[in-house]
Amino acid sequence: MARYYQQDIECASREQIKALQDERLVKQVKHVYDNVPYYRNLMDEKGVKPEDIKSTDDLHKLPFITKADLREAYPTGMLAVPMKDCVEIHSTSGTTGKRVVAFYTQKDLDIWHECCARAIMAVGGDENDVVQVAYGYGLFTGGAGLDGGAHKVGCLTLPMSSGNTDRQIQFMKDLEATILCCTPSYAAYLGESLHEMGLTPDDIKLKAGIFGAEPWTEEMRRSIEKSLGIKAYDIYGLTETSGPGVAYECTAQAGMHINEDHFIAEIIDPDTGEVLPEGSKGELVFTSITKEAFPLLRYRTRDICVLSREKCPCGRTHVKMTKPMGRSDDMMIIRGVNVFPSQIETVLLEQGYTPNYRIEVDRVNNNDTLDVFVELSNEMFSDTVKEIAIKEKELASAIKTMLGISPKVHLVPAKSITRSEGKAVRVIDKRKLHD
Amino acid sequence: MSIRQVSIFIENQPGKLAEVTDFIAKQQISLRALSIADTQEFGIVRIICEDIDKAVAALKAAEYVHTVTEVFAVELADEAGSLAKVLATLATVGIQVEYTYAFLSTKKEGSAYMIFRVDRNDDAIQALNGAGIHTVTQQEIF
Ligand SMILES: [Zn+2]
């Protein structure tokens, strides 16, 4: 029996949701125009006035906000209420440049936590559950978001934060945690550690996990499910749009419902900015329609995905997004096909190869060529030339199935792929060097 | 008796083979035989050596891609036709030879051994022994 945190809104009809979005968007645009000079300038430059936005059908008229805008507006340039009305901040790690600081009023926090509460109930959680939050606490949104969500549902919340693996497993076992929230890589690590400590899934009570904040594959989902004896679910969010809980997976495990009463999602062509028809693959853009402190209109996430309104067996009506397939910054167009390095990585992991690879794209006689170099592991190495050639062919055909175009695969010795600061350099596009 | 052979995966680039052989020499592992199979892009260096466990541990530590395979060796007698007899025996039981290479004995002057990698190593050894052909042990070649 499916249960919901806010059934009336989670299962509302498309018409009800659209009406709510229309009303909230009109209000939000006025709020932003009146209170955020940075965005007002963007709108003025484009010649758009708040009165021009009468419903979600006019959304495409609004200018985009990019990460670069947020950096430029650092620290308070996007703040839409006086700072004294805010009660909390969170921040991005700033690894790729200046940090982004997001502000929250009490109402913003309540809504965010409600979104996370929906995510917990969507995986079967209720007030009887013990939720172990092993996301980092602090400036990072992961810990705070799921912690708040678990409180709203009425779960016993274990505010573990990340790290201290022995203690995580001890508490998981002794306090009989039933739902684990952390990054998928940490979940995989906890699974391994459990077995290393001589325990099995039978020794713990865990039944579900809510994992996000980093890319992960279906292969990883299966392996985490096996090692911890749970069902593993995806959750999506960005610090810029509040944090986890913007979208979450239900027990159907087929895409993440976007909380459409708080966010309007669009898919655009990353090159032209044009809105694409429903079902197209493109860049995800979010408009937050209830945020008071840090309301972003048409924020370009750089995540590439597909939206679907297919009926979901869980009964929720909110649109679903696929797991991000890559970043629009990483997208290559090879022989007219959109290719993301992450797609190739998925195939490698599924076929048992290392994720150490390099992609080389070139143009020979006006034809694009795709070469994939993959480091071979001892397990995959067999002693004859013939067997290596067969492996190269098999891998090429698996990649072709994924991408629709044929690569040439080259298996290479360990460590032969150049790394910069420990990370393998993934893509060399030689076409750009010739132009 | 089968013999254990260590194979190492290398790039087919100038200096890579020398790098591997230098590396093995530095481990003070005594080599009996070495053969290379290569394509334009990669090479497989196959060695028969004395302390296999030591070799494997060193290769692993240095992160060389490697594997250990079971092969067998026969001593090639002086008389003509001894190689032909080995191949004929393997053919009659339908065994496929993947590759073969020869090396000289350091124990018996003028004597040579031939290493065979086949698709079914144990069946091959059984067939050869049944036909009166001796397959060499690891001890015999060192
Ligand atoms: Zn659903």
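Only this structure's heavy atoms are used, side chains among them; waters, hydrogens and symmetry mates stay out. For clarity, every value in this text was computed on a predicted model and none was experimentally measured. First the proteins, then the strands, lettered A, B, ... as listed; each starts at 1.
- Using non-hydrogen atoms only and a strict 4.5 Å limit, the part of residues 396-411 of chain A facing chain B consists of Lys408(A), His410(A), Leu411(A).
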Less than 3.5 Å apart, which donor and acceptor atoms pair up between the side chains of residues 135-142 of chain B and the rest of the protein, not counting sequence neighbours?
from	atom 1	to	atom 2	distance (Å)
Thr135(B)	OG1	Met1(B)	N	3.1
Thr135(B)	OG1	Asn129(B)	OD1	3.3
Thr137(B)	OG1	Glu140(B)	N	3.2
Thr137(B)	OG1	Glu140(B)	OE2	3.3
Gln138(B)	OE1	Arg4(B)	N	3.1
Glu140(B)	OE1	His134(B)	NE2	3.1
Glu140(B)	OE2	His134(B)	NE2	3.0
Glu140(B)	OE2	Thr137(B)	N	3.1

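- Proximity to chain A (any heavy atom under 4.5 Å) is restricted, for Thr39(B), to the side chain, taken from C-beta onward.
- Distance check: Ile47(B) CD1 to Ile8(B) CD1 gives 4.5 Å after rounding to the nearest 0.5 Å.
- Note on ring orientation: taking the six-membered ring where Trp is involved, the planes of Phe9(B) and Phe42(B) are tilted (angle from 30° to 60°).
- For the options Gln5(B), His66(B), Glu41(B), Glu63(B), heavy-atom pairs under 4.5 Å to chain A are most numerous at His66(B).
- Scanning both residues, Met160(A) and Gln132(A), for their nearest heavy atoms gives CG-CG, 3.6 Å.
- When every heavy atom of Trp216(A) is checked against every heavy atom of Ala232(A), the shortest pair comes out as CH2-CB, 4.1 Å.
- A side-chain contact (heavy atoms from CB on, under 4.5 Å) with Ile169(A) is found for exactly one of Asn164(A), Asp203(A), Leu190(A), namely Leu190(A).
- Using a 4.5 Å cut-off between heavy atoms, Ile10(B) touches chain A through its backbone atoms (N, CA, C, O) alone.
- Heavy atoms of other residues, nucleotides or ligands lying less than 6.0 angstrom from CD of Gln126(B) number 12 at most.
- Close approach to chain B, defined as a heavy atom under 4.5 Å from one of its heavy atoms, is seen in Leu376(A), Ser377(A), Asn378(A), Phe381(A), Ser382(A), Asp383(A), Thr384(A), Val385(A), Lys386(A) of residues 376-386 of chain A, taken by number.
- Listed by first then second residue, pairs satisfying salt bridge (charged side-chain N to carboxylate O under 4.0 Å, His left out) with a partner in residues 23-34 of chain B number zero, not counting sequence neighbours.
- A distance of 10.0 Å separates CZ in Phe103(B) from CG in Leu76(B), rounded to the nearest 0.5 Å.
- Looking at Ser328(A) and Arg302(A), their side chains do bring a donor and an acceptor atom within 3.5 Å of each other.
- The minimum heavy-atom distance between Ala124(B) and Leu90(B), with the atom names listed, is CB-CD2, 3.6 Å.
- Between chain A and the options Lys16(B), Lys60(B), Glu98(B), the largest number of non-hydrogen pairs under 4.5 Å is found for Glu98(B).
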